[in-house]
Structures are given as structure tokens and as C-alpha cells.
Amino acid sequence: MKKILPILALLTLIACQTKDPVEQKIDQLISQMTLDEKVAQMTQLAGGQITEDYENLVRAGLGSMLNNVGNEINHYQRIAVEESRLGIPMVFARDVIHGYRTIYPIPLGQAATFDLALVEEAARLTANEAIQAGIRWTFSPMVDIARDPRWGRIAEGYGEDTYLASQMGAATVRGYQGQDSIIRLAACVKHFVGYGASEGGRDYNTTWIPEVQLRETYLPPFKAAIDAGALSLMCAFNDLNGVPMSANKHLMKDILRDEWHYTGLLVSDYASSENMIKHGNCANLKEATLLSINAQMEMDMENRSYIPHLKELVNEGLVKEELIDQCVRDILRMKFRLGLFDNPYCSVEHPDYYNAESLQAAQRAAEESAVLLKNNGVLPLNAQPTVLVCGPLAHNQHDQNGTWCFDKLDSATITPLMAFRQWDKEGKIRLIEQLGKHWSREVNEQNTVQLTRLAKQADVVLYFGGEESILSGEARCRAHLDLPGDQSEQIRAIKATGKPVVLTVMAGRPLCIGADIDCVDATIYAFHGGTMQGPALANLIMGKVAPSGRLPVTFPQTVGQIPMYYNKKNSGRPTSNPVLYDDIPVGAAQFSIGADSYWLEYGDKPLYPFGYGLTYTTFEYGPVTLSDTILPFDSSPHCLIASCTITNTGNREAVAVPQLYIRDLVGSLTRPIRELKGFQRITIPAGEARTVRFELTADDLAYWHLAEGVTLGADGAYTCSAEPGEFHVWIAPNAAEGTPAKFILQD
Ligand code: BGC
């Protein structure tokens with residue numbers, strides 16, 4: 001024993017010496033902190049004003065504030081650094097979601113670019129602007145899978161598909177945080193988890209998601225963002241399977257911490273712990289605090305519950321101080337990684353906002369996010385046309401920026417009308433403009449009369465419609481998904497003049513506007529595209545740029561089809577030839593419509609499938625060829641190469657977006673009819689062909705299912721692995737087209 005003790009001491013000494021210096025500093029700080037200081041460190045309050053109350057809280061060691069900018073940040077930071085006992089800097093956060101000053105397309109629009117490098121670049125440039133205002137923590141990316149366009153927050157995420165959202169979320173994290181040892185802008189991946197599945201598309205509503213679906217559909221984008229280095233994660237507002245996420249130990253402890261070994265910071269959503277009282281799983285703030293801390297909710301956003309109750313709970317022995325230390329450790333680590341101890345302040349002297357690099361990227365993102373849904377040949381416009389530019393979003397410097405853009409300047413936003421004025425000035429078009437209608441919900445008959453009169457003088461009418469930005473985003477859910485106000489009537493009245501009509505939709509969600517699209521000559525679905533959406537749309541309409549956006553979400557024909565997404569299960573009775581409502585003879589008692597799975601009025605098809613988008617040329621996809629028809633199961637050295645030659649059969653260069661889908665024909669749990677596993681953007685000159693290649697390994701075929709011999713609901717019931725058998729592979733322009741090649745995954 002005598003010999004062992006010095007060896008142990010030596011080993012401890014070596015361990016201490018080899019401990020990461022940052023961890024040592026954290027240990028040192030924690031050892032000096034009082035319990036009150038620790039609890040203050042775990043609290044984040046909403047700023048936006050300078051008050052004595054806040055100043056005192058900062059002096060007492062407040063950890064973070066959200067929603068301050070610039071001088072206000074420096075004011076509070078000085079108090080934190082110079083007047084709090086230990087001088088720990090605060091971290092200032094804000095929802096910088098799709099741009100700070102320069103606004104990029106809403107995330108749903110960014111997903112439509114299928115361009116990861118561009119999305120990463122937009123996040124990098126966003127960080128450049130935000131950090132100048134002292135913001136070092138953004139509550140983005142939102143990677144909630146959303147399959148219900150009634151839900152207003154569909155605007156803020158990357159759509160319906162797990163693979164696409166995972167890739168987009170990871171690219172955004174890389175862009176914000178950068179590659180250096182000092183993180184520029186800490187990402188916060190949100191909302192953990194299932195928030196997008198709120199019942200009925202009503203925000204904050206209940207979610208019920210079986211574990212297998214959670215693991216297969218909802219969790220992977222969070223894992224991907226964490227693997228990309230996301231420094232923090234925010235819990236969601238929803239109750240999931242009966243337990244509000246603010247206290248969901250199974251997700252936040254068992255899966256996040258124990259299974260994924262996540263070591264980053266976990267923050268609540270805005271007052272989400274307090275909301276649990278209304279959820280009805282606790283009676284008061286003290287109980288809410290206990291539930292949250294037991295799920296290791298490390299920072300309490302604007303709840304005012306940790307400060308009054310956490311110390312009490314520790315003193316009563318209900319919460320261990322080691323747990324508090326663990327939380328503080330994760331908070332301090334993020335501050336160290338942001339370099340805040342060395343550089344706590346921001347320099348607000350010469351801000352570099354809206355610089356050329358940002359504006360160019362914003363324009364390119366707006367160009368690439370617009371999806372051409374229909375074109376009877378009217379686009380691109382012929383040389384020197386007379387165009388009538390009209391519609392509620394033709395010149396709306398506020399609304400085209402979409403949801404979440406606190407810091408943009410409307411005056412810096414370039415609208416379609418402004419862009420066409422420029423084309424007019426350069427003599428490339430003759431412009432007739434008619435506004436008179438200012439918001440999307442407006443009903444303005446007089447304006448319709450003016451538009452029909454002016455349309456007669458034009459070669460083509462460019463109608464910019466859609467939704468005001470306030471109709472999408474948090475808490476903005478819709479029960480109808482039509483064009484608001486009298487836009488549909490206007491479009492019909494204009495079309496009745498016989499002039500071609502191009503409808504551009506600027507909206508925060510998919511709208512069910514098949515009938516409007518039927519009545520116009522071309523439709524561009526542009527989402528809310530940000531600062532440079534005007535020039536971007538003008539470039540597309542005039543043909544300076546060929547459209548390359550693809551839908552990141554299925555467009556249903558009608559609200560009654562929701563939820564509708566491409567990677568559905570087949571059901572036991574899929575339909576190939578539905579008998580529709582109007583085809584059923586009235587009173588024909590003997591008539592059989594069969595027993596298939598579809599809606600009588602609409603069949604089972606969407607308005608547009610996931611991945612869909614046209615351009616100014618046509619692409620022909622050749623057959624999919626596989627490097628082998630057998631993929632051995634023990635995959636690591638083995639992979640299949642799926643390839644396909646795509647020919648540009650039109651007469652101009654454009655971007656093709658080939659998408660790799662698979663189907664596992666027989667699984668121990670039923671499998672989706674298609675699953676996205678890869679995509680590329682490839683420019684193909686007119687008349688030329690390019691071959692695209694994708695690699696597939698057994699890992700790509702793995703899915704979550706019950707482990708062999710385990711019963712549903714048992715601990716560790718699920719396993720993620722591929723199962724041998726037949727697979728189909730498509731390389732296709734969207735989720736509804738293409739002919740698959742086949743291979744066997746062999747045991
Ligand atoms: C939202 C979060 C957001 C937070 C802070 C909440 O209402 O759900 O996404 O980051 O507010 O503004």
C-alpha cells in the first residue's frame with residue numbers, strides 16, 4: 001500500500017498536467033464560484049434595454065443575455081468583466097437565422113438550392129456581420145423535419161427530408177463556427193426534438209412519435225449538426241409522447257448524453273420550463289426547475305426559475321451540486337471556445353455590413369432557391385418586352401425578407417420592381433409598373449381594374465404574389481393554404497385579357513395553388529428570398545440565369561392531403577389507377593371503386609413531388625448502372641457505384657440536380673418507397689452529357705428497427721443496421737421519376 005500511494009499521487013499529478021488547459025481553467029473557476037454564481041451563470045435573460053435590475057444581475061454573475069446588440073452588449077459586458085466578482089464574460093445571443101443585416105433566403109429556400117457550399121458560405125458571411133454587433137451565439141440551424149405546411153415554422157427549417165436537413169444543418173454549423181480554434185459564432189441546433197411534428201400543424205402542439213420514427217426521421221439531423229461541431233443545442237417547446245421536451249430525460253439524457261456522448265451546452269427554449277406548468281406535468285416553477293435540471297437543462301432561457309429555485313433544490317438535497325458543476329462546465333467551455341475571456345467586447349466603430357461579397361452571395365442564394373414549377377415557353381422573356389410588374393410582393397421591402405430578420409434594413413432590400421426599373425433604365429425592357437396593392441391579404445377591386453387595363457398594353461404580366469412575412473414563422477400557422485386576399489381573382493382577371501402571365505410566389509411555405517398555376521403561363525416558386533431577391537428574380541425571368549432550385553418539400557394539392565411527403569410507406573393497398581370522385585356514376589349501385597389507398601377527389605399524388613424543378617433546358621436521364629449487382633454485407637471495404645449519364649437535350653447550359661434514392665424492398669419493419677441518399681448539382685452545357693456517380697455502402701442502407709429477439713418497448717430495443725435482401729436504386733430528377741436499378745445486399 002505504501003508503495004502504491006506515491007504512484008497514485010504521481011499518476012494524479014500527470015493526469016492534472018496533461019489535462020486540457022481550458023478544462024483546468026474551468027475547474028479553477030468552478031472551484032471559486034459560489035452556488036449563487038453558478039446558478040446565475042446558468043441563466044439567460046432577454047435584453048434589449050439597459051436597466052438597473054439587469055446591471056445587478058450581471059454583477060452577480062449572469063451567464064448570458066439574448067437580443068442585445070452593439071453598445072448595449074459592450075455596456076453589460078464591461079460590468080460582467082470588471083464588476084462581477086470573478087469577471088466571467090457573458091455570451092450574447094440572438095436569432096440570426098438567415099442573415100444579420102444582409103438577408104439570405106429563409107432556410108426552406110436555402111434547402112431548395114441543394115447547394116451545400118453556398119449554404120455554408122451564407123452562414124459564414126452571416127457570422128461576419130453578426131459578430132461585429134457582439135453576437136457570438138445564434139439560435140440556428142433549426143433542423144426540425146416538417147411535413148405539414150400549415151405549420152408556420154416550416155419556413156425556418158430545411159423541409160421534409162432527413163438526409164437533406166442533416167446535410168444543410170451541418171453545412172450551416174460549419175459556416176457559422178468556422179474552422180479556427182476560436183469559434184466565431186456558436187451554432188445552436190434546435191429544437192430538440194420532434195417540434196415539427198406538432199399535431200395539425202399548430203405551433204407548440206402535442207407530438208406523438210414512436211421511438212423508431214424518432215430515430216429514423218427526427219433525430220439524425222441533430223446528430224449530424226453535433227458531429228459537425230455544433231457547440232450548443234436547444235430543447236423544443238412540444239410535449240413528446242406525454243413528456244414536455246424541457247424535461248424529457250429519455251431524449252436529453254439517455255440519447256443525447258449517454259448514447260451520443262454530447263458534451264456541448266443545452267439551453268431551454270424561451271420560457272419553455274415555465275411552460276410546463278401549462279403543459280400540466282408540474283404544478284409550479286420549483287417543480288419545473290427540478291424536472292428541467294434532472295434532464296440536464298444547463299441554461300435556462302428567460303424563465304426566471306433557476307435563480308429563485310435551483311439553490312433551494314440543492315440545499316434540500318434534491319439536486320446534486322456536481323450536476324450544477326457539470327452544467328456550468330459546459331457553459332464556461334463554450335465561452336472559452338469563443339475566446340470571450342480574451343476578447344469580450346465588440347468593436348462597433350466601422351461596421352462592414354452589406355458588403356459586395358455578402359450581397360453577391362445573397363443574390364446567388366436567392367437565384368438558386370427559386371424553383372421553376374411551370375413554363376409553357378413564355379420564360380425566359382424575349383428581347384425587349386413590355387412588361388407589367390405588379391402584385392403585392394413586387395415592391396415590398398419588408399416582406400420579401402421573410403421571418404426572423406430583426407436587424408435588416410428595409411431600405412437596403414432590392415425588390416423585383418427595383419430590379420426591373422434597372423433593366424428598363426438599361427433599355428432591355430419597357431416597364432409598366434402598377435402597385436396599389438401593398439399586402440398579400442388585401443382585397444382591392446380597383447387595383448384589379450387598373451391591372452387589367454394596363455395588362456392590355458404589355459407583352460407579358462409579371463405578378464409577384466405570395467404571403468406577407470408575418471404569415472409564416474413561429475406561431476403563424478394557417479388552416480388554408482391559398483394565396484391570401486384577392487390574388488387568385490387578380491390573376492384570373494389579368495389572364496382574361498389574353499396576355500401571358502408569369503406568377504412568382506414569394507412565401508414562407510408551400511401553398512396549395514394548383515388552380516392558380518393552371519391559369520398562368522409560368523410559375524416560379526421563390527419563397528422569401530431576402531435582400532437581393534429582386535435582382536435574382538429579374539435575372540431568372542430575363543434568362544440571365546437559368547433556374548436551378550428544387551423543392552425541398554412535397555407540395556400537396558390540397559390541405560386535406562397533409563401530411564404528405566415522398567418517403568412514405570407503401571401501405572398494403574397502394575393505388576395505381578384511382579377512380580376519382582367525378583368518375584363514380586351517380587346511383588350506380590353495382591359500381592366498384594376497388595379498395596385502394598387514395599383520396600377520392602385527388603388520388604394519391606401531390607401537386608409537385610419532392611426534388612422537383614424545371615429549368616430553361618431539358619435533361620434526359622439515362623439508365624442507372626451499378627458497378628455490381630451484389631453488395632457484400634460486411635461493407636467497409638465494399639461499395640457500389642451507381643452512375644447515370646445526364647444529357648442536356650435543350651439549347652442552353654443549366655444545372656441538373658440528380659438525386660440518389662434507394663428502396664429496401666423487404667425489411668423486418670416496413671420501409672419507405674424511396675429514401676434520399678445523395679444529391680449533386682452539376683452544370684451541363686447545351687447538347688452535352690455528363691456522368692454522375694454516387695457511392696453506396698451497407699451503412700447507407702442501415703435503418704432503425706427492433707433488435708433480434710427483443711420486444712417492443714424494452715430497453716435497448718432498437719438497433720441500426722442494414723438487412724440483407726433486394727434494393728432498388730434511382731438516380732432521378734425528383735422523387736417521383738426514374739426507373740430503378742436493382743442489387744442484392746448479401747449476408
Ligand atoms: C423560439 C426559438 C428562439 C427563441 C429565442 C423561441 O420562441 O422557439 O427558436 O431561438 O425564441 O428568441
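Side chains are part of it too, since the values below use all heavy atoms of this structure and drop only hydrogens, waters and symmetry mates. Here the structure is a predicted model, which is why all the values come from computation and not from measurement.
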Item to check | Modelled atom types, side-chain donor and acceptor of T554 and E160, under 3.5 Å | outcome: yes
Next on the checklist: Taking the ring centre of each residue, are Y525 and Y608 less than 6.0 Å apart?
Outcome noted: no
Next on the checklist: For D583, I'd like to know if atom CG has over 12 heavy atoms of other residues, nucleotides or ligands within 6.0 Å.
Outcome noted: yes
Checklist entry - In terms of ring plane angle, is the pair F420 and F464 parallel, tilted or perpendicular, where the classes change at 30° and 60°? => result tilted
Next on the checklist: Less than 4.5 Å apart, side chain to side chain, heavy atoms only: is that true for L118 and R364?
Outcome noted: yes
Next on the checklist: Please verify the inter-ring angle class for H705 with Y703; under 30° counts as parallel, over 60° as perpendicular, anything in between as tilted.
Outcome noted: tilted
Checklist entry - Would you say E688 and N648 make side-chain contact, with heavy atoms under 4.5 Å? => result no
Next on the checklist: Taking the six-membered ring of Y565 as reference, does the cationic atom of R147 (NZ for Lys, CZ for Arg) lie under 6.0 Å from its centre and within 45° of its axis?
Outcome noted: yes
Item to check | Side chains of Q167 and Y158 in contact at under 4.5 Å (non-hydrogen atoms) | outcome: no
Next on the checklist: Go through it in stages, so that I can follow the logic: the residues are R681 and E368, the test is salt bridge (charged side-chain N to carboxylate O under 4.0 Å, His left out), and I'd like the CA-CA distance, side-chain angles, deciding distance and then a yes or no.
Outcome noted: CA-CA 11 Å; R681 282 176 59 93; E368 292 189 12; 3.4 Å; yes
Checklist entry - Is the closest side-chain heavy-atom distance between H728 and L665 below 4.5 Å? => result yes
Item to check | R652 (side chain) donor-acceptor with G543 (main chain) under 3.5 angstrom | outcome: yes
Next on the checklist: Atom NZ of residue position K544 - does it have more than 12 heavy atoms of other residues, nucleotides or ligands inside 6.0 Å?
Outcome noted: no
Checklist entry - Are the side chains of I154 and D148 in touch, meaning some heavy atoms are under 4.5 Å apart? => result no
Item to check | Electrostatic pair R124:E357 at N-O distance under 4.0 angstrom | outcome: yes
Checklist entry - Okay, side chain of Q561, backbone of K605: is any donor-acceptor separation there less than 3.5 Å? => result yes
Checklist entry - Is the number of heavy atoms from other residues, nucleotides or ligands under 6.0 Å of E601 CD greater than 12? => result yes
